[in-house]
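If you read the sequence from its start, that first residue is 1, and numbering goes on from there.
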Amino acid sequence: MGDFGQRAIFSFKIRRQVGGGIAIEHPSNAKIFRASDDGRIYIDGENGGLDKIFFEESINISPNEIRIKYQKILSNTLENNLISLSKMSPFVEMADMAYAITRLESFSSYSHVIDQIKELPSYEFIFPSIQLLMKSEFAGSGRNFHAHYAWGGGDFVDVGKYSYGFPRILPYPPARLKVSAFCSIAEDVTVVLGNHLTKAATTFPFQDEAFRWPSRHADIGKFEDSISSGVVIGNDVWIGRGVTILPGAVIGDGCIVGAESVVRGKVEPYSIYLGNPGYVLKPRFDAQTTSRLLALKWWEWPEWKIDRYCGMMMTDLQGFLDKAEKI
């Protein structure tokens, strides 16, 4: 289920009760704690129909301790459970409790309260449980990154989180392509990681074609008939359809590259770049706004924090900057 930080992780059983509320079985002594309509928690020996949830290790929790904690959380509705839990100060079992509560129903049954709980103090600890359930419910959804190599084998790409695309790579080892986080790469993009020799008597790659030229076998590994040069794509970059990125290119954070463009050299952050030969059409924002965005580096935030602010990031640039700079 993932790592929620340095804390003990325990296991328990949980289910919805007939007529409302939920029931939890203590991990050590199998006591059942039931939240009832009157808002109280009861202990009994009921054991049927429980849904087992496994965690990494077990710890001993006294019945009184678990009763006090869950008394403050459990209610008849999943939405209220999550809201109550999100309002509480963090405690060691909070992420486990959130996982158990969210697993009682599908994400769609409580998605309408996310906007409320994302602003509450303990969303940091609730978020991983919700995200884990979403990944299970929506398995196979979303876009991924898959590089297609024009020739040869190997792996010459480093990809940051949540970037997606299917670029065609022309590899020239040992050069590598670095794609940072949250990049959007459209179809038919080509990345070239090297060039043929330009200052020799020929540009033909005799060394790479040594299987046809006997004299080249003696020199395998001694000479190069190409010049390799890596490519770096910054964070939050959008690359349009049919773009070609030439060896040594460095595309800064936040750039937009127009369709069918040819990119060479360094492109400054938050530029709009297009054409062949490529050029910077204009900056996306004024210099102050660009500096503020680069200072925030939101792509390095923990995911719960990105989730809290991503709506504002898409709809209210200045409001996002003003709020984010205060946290």
Using modelled atom types only, decide if a donor and an acceptor are shared between the side chain of [X] and the backbone of [Y] within a distance under 3.5 Å.
{"X": "D225", "Y": "Q207", "answer": "yes"}
{"X": "S163", "Y": "S180", "answer": "yes"}
{"X": "R241", "Y": "A259", "answer": "no"}
{"X": "N235", "Y": "A181", "answer": "yes"}
{"X": "R264", "Y": "G248", "answer": "no"}
{"X": "S122", "Y": "M88", "answer": "yes"}

Could you go through the side-chain contact (heavy atoms from CB on, under 4.5 Å) check for Q131 and D307 one step at a time? CA-CA 10 Å; Q131 188 184 52; D307 188 59; over 6 Å; no

pair [X]-[Y]: side-chain heavy atoms closer than 4.5 Å:
{"X": "E303", "Y": "Y162", "result": "yes"}
{"X": "Y110", "Y": "L133", "result": "yes"}
{"X": "L85", "Y": "I117", "result": "no"}

Check [X] against [Y] and note the closest heavy-atom contact, atom names and distance.
{"X": "C183", "Y": "G234", "answer": "SG-O, 2.9 Å"}
{"X": "E119", "Y": "K323", "answer": "OE1-NZ, 3.9 Å"}
{"X": "S228", "Y": "A175", "answer": "CB-CB, 3.7 Å"}

Linking I/L/V/M/F/W/Y whenever any side-chain heavy atoms sit under 4.5 Å apart, do [X] and [Y] land together?
{"X": "I256", "Y": "V250", "answer": "no"}
{"X": "I114", "Y": "F138", "answer": "yes"}
{"X": "F107", "Y": "Y123", "answer": "yes"}
{"X": "F125", "Y": "W301", "answer": "no"}
{"X": "M312", "Y": "L296", "answer": "yes"}

Kindly assign one of parallel, tilted or perpendicular to the pair W151 and Y172, based on the angle between their ring planes and the thresholds 30° and 60°.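 Taking Y172 first and then W151, their aromatic rings stand perpendicular (interplane angle over 60°).
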
Do the rings of F166 and H146 sit parallel, tilted or perpendicular, given the 30° and 60° boundaries?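 The arrangement is parallel - the two ring planes meet at less than 30°.
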
Under the ring pair (Phe, Tyr, Trp, His ring centres under 6.0 Å) rule, what do W298 and F320 come out as? Steps first, then yes or no, please. CA-CA 11 Å; W298 64 262; F320 164 69; 7.7 Å; no

Atom [atom1] in [X], atom [atom2] in [Y]: separation rounded to 0.5 Å?
{"X": "S86", "Y": "L120", "atom1": "OG", "atom2": "CG", "value": "5.5 Å"}
{"X": "F182", "Y": "Y164", "atom1": "CZ", "atom2": "OH", "value": "12.0 Å"}
{"X": "L294", "Y": "Y270", "atom1": "CG", "atom2": "OH", "value": "5.5 Å"}
{"X": "I272", "Y": "L281", "atom1": "CD1", "atom2": "CG", "value": "6.0 Å"}
{"X": "I126", "Y": "K87", "atom1": "CD1", "atom2": "NZ", "value": "13.0 Å"}
{"X": "T198", "Y": "H196", "atom1": "OG1", "atom2": "NE2", "value": "11.5 Å"}

Would a line drawn from the ring center of F206 to the ring center of W213 be shorter than 6.0 Å?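 Ring-ring flag for F206/W213: true, centres closer than 6.0 Å.
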
Between E209 and F204, is a side-chain contact (heavy atoms from CB on, under 4.5 Å) present by the stated rule, with each step listed? CA-CA 9 Å; E209 300 292 315; F204 190 82; 3.9 Å; yes

Among pairs that include at least one residue of residues 247-269, which meet ring-ring contact (aromatic ring centres under 6.0 Å, His included), considering only residues two or more places apart or in two chains? none

In plain terms, say whether R292 and D322 are close enough for a salt bridge, that is, a side-chain N and a carboxylate O under 4.0 Å apart. yes

To which residues is F145 joined in a hydrophobic cluster, defined by side-chain heavy-atom contacts under 4.5 Å among Ile, Leu, Val, Met, Phe, Trp and Tyr, whether direct or through other members?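 Y149, F156, V157, V159, I169, L177, V179, I185, V189, V191, L193, V231, I233, V237, I239, V243, I245, I251, V257, V263, V267, Y273, V280, listed by chain and number.
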
By the salt bridge (charged side-chain N to carboxylate O under 4.0 Å, His left out) test, which pairs, at least two apart or in different chains, include something from residues 176-186? D158-R176

Would one find more than 12 heavy atoms of other residues, nucleotides or ligands at under 6.0 Å from atom CD of Q318? yes

